[in-house]
Amino acid sequence: MKKIIKVFLSFIIVLLMLFLTISFNLNKVIVDGVIKEIIITKISAKKVNNPNISEEVINTLPLPDYLKDSEDINKLLEDERVQEIINKYIDITLDNLTSEEIKNIDIESDIINYINENKELIKEITGKEVTPEMIEDTKKVIEESNLNETIEETIVSTKESISTEEKIVLKGYKEIISTKTRIITISLIVLCLLLIALIDKSFYKWIKTGSICTIISGILVLLMGFILKIIVTSILPLPSFNVSYLYKSGLIQLIIGIVILIIYIILNKILVKKGE
């Protein structure tokens, strides 16, 4: 009976570890894997002759000429501050889609402020000095695009068209990536390990179970990343799908699990020799 309970608790731990990995990586996968790839694909549509993206889309992108190179855009998207802006508007969009009122959107100011505050980085990437005239040109291009208004209209239109089930999915996404959910998940993992320690009546044997669960979780995360990449690239018109965060998380778990298992084996040998 004790073995069955231990196996069950171990299974729960693996599931919780997988869920925790998804919680920490889901937003990154969406931003780096989907949003960034869509931006790059649109910017470079002429180069890759992508039939799914019209020339009109490229011409209406609210970007000045000195920022319309796909390689430069890709480098800028790697910047942590750009990531923060993208994440900010993902959160705002989710909040607006799942709430009654539409919160103020001012992405135009955020873009202009970013350019003003990161002239040196843009110069380093594009090879062009960002002059006051270029900033004014950028401001004009963005303002003429009515980006704030366009996003707000899109959100309102989407809110009216999405089903109740889709709203539930969006709320579920917000819950999955929330700090509260992560704390609860970690607490449940610790609780399961404590229960296993009580079953084993040992202060250290639970380490073996924890390490094996971590190794299994790492392998499953790596497998999940591989399968997810195949599925997404076959569904969406994207040249690639970035799942490096999942691969990195899976590899880290795998290494940590192996290291902890080695530590357990050494500790167990020492304690057995001492007759404990």
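Just so it is clear, the model here is predicted, and its values are computed rather than measured. Below, all heavy atoms of this structure are taken into account, side chains as well, without hydrogens, waters or symmetry copies.
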Partners passing side chain to side chain donor-acceptor pair (under 3.5 Å) against Y264 (at least two apart in sequence or in another chain):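 So Y264 forms no side chain to side chain donor-acceptor pair (under 3.5 Å) with any residue.
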
Identify, with sequence neighbours excluded, every residue that meets side chain to side chain donor-acceptor pair (under 3.5 Å) alongside T181.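 By the side chain to side chain donor-acceptor pair (under 3.5 Å) rule, T181 matches S178.
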
Partner residues of [X] under the side-chain contact (heavy atoms from CB on, under 4.5 Å) criterion, sequence neighbours left out:
X    : answer
I4   : none
I168 : T164
V7   : none
K119 : N116, V130, I135

By the rule that ILVMFWY residues connect when side-chain heavy atoms come within less than 4.5 angstrom, directly or transitively, which residues belong alongside V259?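 Result for V259 is L251, I255, I263.
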
By salt bridge (charged side-chain N to carboxylate O under 4.0 Å, His left out), which residues pair with D200, not counting sequence neighbours?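 With neighbours one apart ignored, the set is K6.
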
Just to verify, what does R182 make a salt bridge (charged side-chain N to carboxylate O under 4.0 Å, His left out) with, not counting sequence neighbours?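 Salt bridge (charged side-chain N to carboxylate O under 4.0 Å, His left out) check on R182 returns nothing, list empty.
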
Within residues 186-195 or reaching into it, pairs that qualify as salt bridge (Lys or Arg N to Asp or Glu O under 4.0 Å) - sequence neighbours excluded: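 Passing the test, one end in residues 186-195: no pairs.
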
Just grab all the salt bridge (Lys or Arg N to Asp or Glu O under 4.0 Å) pairs involving residues 203-220, residues at least two apart or on different chains.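 Found none.
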
Give me each pair satisfying side chain to side chain donor-acceptor pair (under 3.5 Å) with a member in residues 184-193, each pair once, sequence neighbours excluded.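 Listed once each, the pairs would be none.
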
